[in-house]
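Here's the structure we're looking at; comments come further down.
Order of the sequence lines sets the chain letters (A, B, ...), proteins ahead of strands, with each chain counted from 1. On a predicted model such as this, the values are computed, not experimentally measured, just so you know.
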2 protein chains.
Amino acid sequence: MNDLDLGVFIKDHRKKAGLTQLQLADLAGIGKTTVFDIEKNKETVRFNNLLAVLQVLNIKIEFKSPLTK
Amino acid sequence: MNDLDLGVFIKDHRKKAGLTQLQLADLAGIGKTTVFDIEKNKETVRFNNLLAVLQVLNIKIEFKSPLTK
DNA sequence: CATTATATACTGTTTTAACGGTAAAAATAC
DNA sequence: GTATTTTTACCGTTAAAACAGTATATAATG
């Protein structure tokens, strides 16, 4: 993927939004454990749950290939 | 997310790589059903499985927020 | 056309992520 | 310092993704 630490990235944005893990979980409609897992870079989480968290935090996801670049 | 149709995007890249769904599945180390699901935009797939497919197809994933922009 | 390859669809089983509950550790507030 | 909040960690249960197998539909090839 990237060299970006997605878990830390998300945690930072959650903090800046003034949210606790539980609040973020509720807003995203998922469990607190899943938020915790995501911030710990557990990659076996479901994609839709990750997307829900990103949406709450206003983080966009982009896909780039050498072709489209 | 985006207006990008990720399933079609992945399918296109698979075709350009000259791979069948089964070949892509084997290369990514996942089942053919999951590749099929991903190309059908089933968002409940596991993030790691999606990443495995993207890696085989040389597609990078990026996360952007209004802050980091 | 027929034949082959590929994609799509469905099914039953197995694996495991998701979840809430709880508890302990760490951070923050008083 | 203590009290409170938040985070981290573990656990048992439940729901569902992953998977291989199979079957059918579609596409490509001779």
Side-chain angles (χ1 to χ4, degrees):
Chain A
M1 180 175 23
N2 265 349
D3 50 357
L4 164 70
D5 187 325
L6 181 58
V8 171
F9 184 72
I10 289 175
K11 184 170 189 170
D12 281 354
H13 280 73
R14 172 175 63 81
K15 293 285 193 185
K16 282 173 186 166
L19 297 173
T20 68
Q21 289 182 336
L22 185 57
Q23 288 172 328
L24 176 55
D26 288 342
L27 287 172
I30 65 177
K32 63 175 172 41
T33 309
T34 304
V35 170
F36 173 73
D37 288 341
I38 288 174
E39 292 188 354
K40 283 289 181 193
N41 289 310
K42 183 182 168 194
E43 293 186 338
T44 50
V45 292
R46 283 187 213 156
F47 186 47
N48 61 324
N49 286 341
L50 176 59
L51 288 179
V53 167
L54 294 178
Q55 196 166 4
V56 169
L57 298 177
N58 210 25
I59 299 171
K60 307 278 184 196
I61 186 168
E62 287 184 13
F63 301 92
K64 291 190 178 181
S65 77
L67 303 171
T68 53
K69 201 176 180 185
Chain B
M1 180 178 23
N2 265 349
D3 50 357
L4 164 71
D5 186 327
L6 182 58
V8 171
F9 184 72
I10 288 175
K11 184 170 189 168
D12 280 354
H13 280 73
R14 172 174 63 80
K15 293 284 192 186
K16 281 173 187 165
L19 297 173
T20 67
Q21 287 182 338
L22 184 57
Q23 289 172 329
L24 176 54
D26 288 342
L27 287 172
I30 65 178
K32 64 175 172 39
T33 309
T34 305
V35 170
F36 174 73
D37 288 341
I38 288 175
E39 291 189 355
K40 283 289 182 193
N41 289 309
K42 183 182 167 195
E43 292 186 338
T44 50
V45 292
R46 287 188 207 151
F47 186 47
N48 62 324
N49 286 340
L50 177 59
L51 288 179
V53 167
L54 294 177
Q55 195 166 4
V56 170
L57 299 177
N58 210 25
I59 299 172
K60 308 277 185 197
I61 186 167
E62 286 185 14
F63 301 93
K64 291 190 177 180
S65 79
L67 303 170
T68 52
K69 199 175 183 184

Interface limits on DNA chain D, where chain B has a heavy atom under 4.0 Å of a nucleotide atom: D/dA17 to D/dT22
Heavy-atom check, side chain of A/Ile61 versus side chain of A/Leu50, under 4.5 Å: no
Rounded distance (nearest 0.5 Å) linking atom CG of B/Asn58 with atom NZ of A/Lys64: 14.0 Å
Phosphate OP1/OP2 of C/dC19: any A/Thr34 side-chain N/O under 4.0 Å: yes
Nearest-angstrom distance from the residue atom CZ of A/Phe36 to C1' of C/dA26: 12 Å
What are the atom names and distances for every N/O pair under 3.5 Å that joins the protein to nucleotides 28-30 of chain C?
none

Spacing between A/Asn49 atom CG and C/dG20 atom C1', to the nearest angstrom: 15 Å
d(CD, A/Glu39; C1', C/dA27) in whole Å: 15 Å
Residues within residues 19-31 of chain B bordering DNA chain C, heavy-atom distance below 4.0 Å: B/Thr20, B/Gln21
A/Asp26: side-chain hydrogen bond (donor to acceptor under 3.5 Å, both in side chains) partners, not counting sequence neighbours: none
B/Leu51 with B/Ile38, same ILVMFWY side-chain cluster at under 4.5 Å: yes
Minimum heavy-atom distance B/Phe47-A/Glu43, with the two atoms named: CB-O, 3.3 Å
Rounded distance in Å - CZ (A/Arg14) to C1' (C/dA27): 12 Å
Cluster link A/Leu54 to A/Leu22, ILVMFWY, side chain under 4.5 Å: no
Side chains of A/Val53 and A/Thr34 in contact at under 4.5 Å (non-hydrogen atoms): no
For atom CG of B/Asn48 and atom C1' of C/dA17, their distance in whole Å: 11 Å
Touch class at under 4.0 angstrom, heavy-atom based, for A/Lys40 against every strand present: sugar-phosphate
Salt bridge (Lys or Arg N to Asp or Glu O under 4.0 Å) partners of residues 28-41 of chain B, not counting sequence neighbours, each pair once: B/Arg14-B/Glu39, B/Asp37-B/Lys42
Any side-chain heavy-atom pair of B/Phe63 and A/Leu57 under 4.5 Å: no
B/Ala52: partners by side-chain contact (heavy atoms from CB on, under 4.5 Å), with sequence neighbours left out: B/Ala28
4.5 Å side-chain heavy-atom contact, B/Val8 and B/Asn41: no
